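What follows is a single structure, written as structure tokens, with notes after it.
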Amino acid sequence: ASGSFSSFSPVTDGQHVWVSFGSRGLHCVDVDGNHKWSADLTEMQVAMGFGEGSSPAVAGDAVVAVCDHLGDSKIFAFHKLTGDPLWQKERHEEGTWATPLAIEIEGQHQVVVNGKEAILSYDAQTGEIVWQCSGLGPDPVPSPLVGNGVLYSTTGYQSNHLVALELGGTGDLTDSNAVKWTLDKQTPYISSPLLYGNRLYFTSGLRAAISAYDATTGKPLFEAEKLPGMKQVYASLVGAGGHVYVAGRKGTVIVLKDSDTFEIVSTNTLDEGFDASPVVVGNALYLRGENSLYCIAE
């Protein structure tokens with residue numbers, strides 16, 4: 001198996017931190033490390049030793065955790081400060097690893113979850129399904145993302161698919177005018193895409209190859225350009241300061257210019273590989289390696 005028992009990313013509002021360990025529960029501490037509450041989720045059965053890895057999301061007063069697995073899949077919501085259960089719903093999914101996305105539409109907090117059977121958006125307060133769109137394909141891992149009123153959702157395990165979906169609708173949006181554009185090639189297996197301005201960047205499967213598309217029209221800007229010195233990419237892409245950062249599994253980090261054309265600005269190599277996604281805080285880039293945490297800054 002890849003990763004570790006701490007493959008889930010924590011989420012914070014600056015005062016509290018929420019972290020899920022899946023079968024080992026959901027936990028809340030304050031930023032000083034004082035334990036506030038814990039809640040049981042469900043014992044997960046995951047195929048082929050893939051492990052667990054859908055991080056929690058905070059939407060309004062709710063913190064939401066998804067447990068899609070070979071048993072009875074469920075989604076849970078708890079009050080973020082008290083841990084009191086808000087709702088839980090059955091899910092008809094056998095395995096997803098995508099982190100849910102919190103969005104707000106006209107004052108309503110929603111949580112969007114990728115799925116093989118369907119992309120679903122839940123009302124964060126009640127758990128009712130606000131809208132749905134037909135599924136992407138087996139074992140979705142990349143997290144959905146949103147910008148300019150459009151949601152982008154993708155998968156790339158056994159099939160390649162990406163859908164750009166205009167937000168604001170309700171009910172079944174499959175094959176509706178809400179679908180702005182779709183793609184069926186070169187989409188990522190593990191890495192989540194990056195929406196930077198009006199460019200959508202993503203890698204191809206597990207390969208170290210990157211594409212960029214016009215986020216509005218779906219027009220390709222460049223496709224599956226190889227990233228030299230890099231073989232596989234698990235980490236999600238990060239954009240900052242007019243650049244796109246790609247961290248590889250063997251320690252190479254490539255910096256690209258945020259541009260309509262493929263242009264490598266620099267290539268750097270550290271002593272260990274990166275499966276976790278880089279994080280930018282201020283002028284510092286943080287990289288979580290196999291054994292160490294790196295901070296790169298001027």
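This structure is a prediction, so every number in the text was calculated from the model and none was measured.
- Distance check, rounded to the nearest 0.5 Å: CG of D84 to CH2 of W37 gives 9.0 Å.
- Between the side chains of S73 and E93, no donor N or O sits under 3.5 Å from an acceptor N or O.
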Kindly indicate, with the supporting measurements, whether the criterion side chain to side chain donor-acceptor pair (under 3.5 Å) is fulfilled by Q108 and D123. CA-CA 7 Å; Q108 181 188 45; D123 183 301; 2.8 Å; yes
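- Residues K89 and E128 approach most closely at NZ-OE2, 3.4 Å, considering heavy atoms.
- D258 CG to R199 CZ: the interatomic distance, rounded to the nearest 0.5 Å, is 4.5 Å.
- Atom CG of N177 sits about 11.0 Å away from atom CG of L165, to the nearest 0.5 Å.
- Summarising the geometry of L41 relative to G22, their closest heavy-atom pair is CD1-O, 3.5 Å, with the distance given to 0.1 Å.
- Heavy atoms from other residues, nucleotides or ligands lying under 6.0 Å from CG of N148 number 12 at most.
- With hydrogens and angles ignored, the 3.5 Å screen pairs a side-chain donor or acceptor of T187 with a backbone N or O of H161.
- One finds the CG atom of L167 at 4.5 Å from the CD1 atom of I105 (value rounded to the nearest 0.5 Å).
- Expressed to the nearest 0.5 Å, how far CG of N268 lies from CD1 of I296 amounts to 8.0 Å.
- Of all heavy-atom pairs between T252 and G229, the closest is OG1-O, 3.4 Å.
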Walk me through whether H27 and S38 qualify under side chain to side chain donor-acceptor pair (under 3.5 Å). CA-CA 4 Å; H27 310 276; S38 293; 2.7 Å; yes
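- Electrostatic pairing of D139 and K116 does not count as a salt bridge here, judged by no charged N lying under 4.0 Å from a carboxylate O.
- Minimum heavy-atom separation, S54 to A98: OG-O, 2.9 Å.
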For L136 and S153, what are the C-alpha separation, side-chain angles and deciding distance, and is it a side-chain contact (heavy atoms from CB on, under 4.5 Å)? CA-CA 8 Å; L136 296 170; S153 194; 3.3 Å; yes
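- Within the 3.5 Å criterion, the main-chain N or O of I210 finds no donor-acceptor partner in the side chain of T203.
- Annotation for R24: atom CZ does not count as buried by contact number, only 12 or fewer foreign heavy atoms lying within 6.0 Å.
- At a threshold of 4.5 Å between side-chain heavy atoms, the hydrophobic network of Ile, Leu, Val, Met, Phe, Trp and Tyr places F202 and Y152 in one connected group.
- Pairing each heavy atom of D275 with each of R249, the nearest pair is OD1-NE, 2.8 Å.
- Classification of the Y245-H243 ring pair by plane angle, with boundaries at 30° and 60°, yields perpendicular.
- Atom CH2 of W87 is separated from atom OG1 of T126 by 7.5 Å, given to the nearest 0.5 angstrom.
- Among I119, D172, T174, L173, the one residue that satisfies the side chain to side chain contact (heavy atoms under 4.5 Å, CB included) test with S134 is T174.
- For H79, the NE2 atom is densely surrounded, since the number of other residues' heavy atoms within 6.0 Å is greater than 12.
- Nearest heavy-atom pair across P100 and V64 is CG-O, 4.3 Å.
- The backbone N or O of P142 sits less than 3.5 Å from a side-chain atom of N114, completing a donor-acceptor pair.
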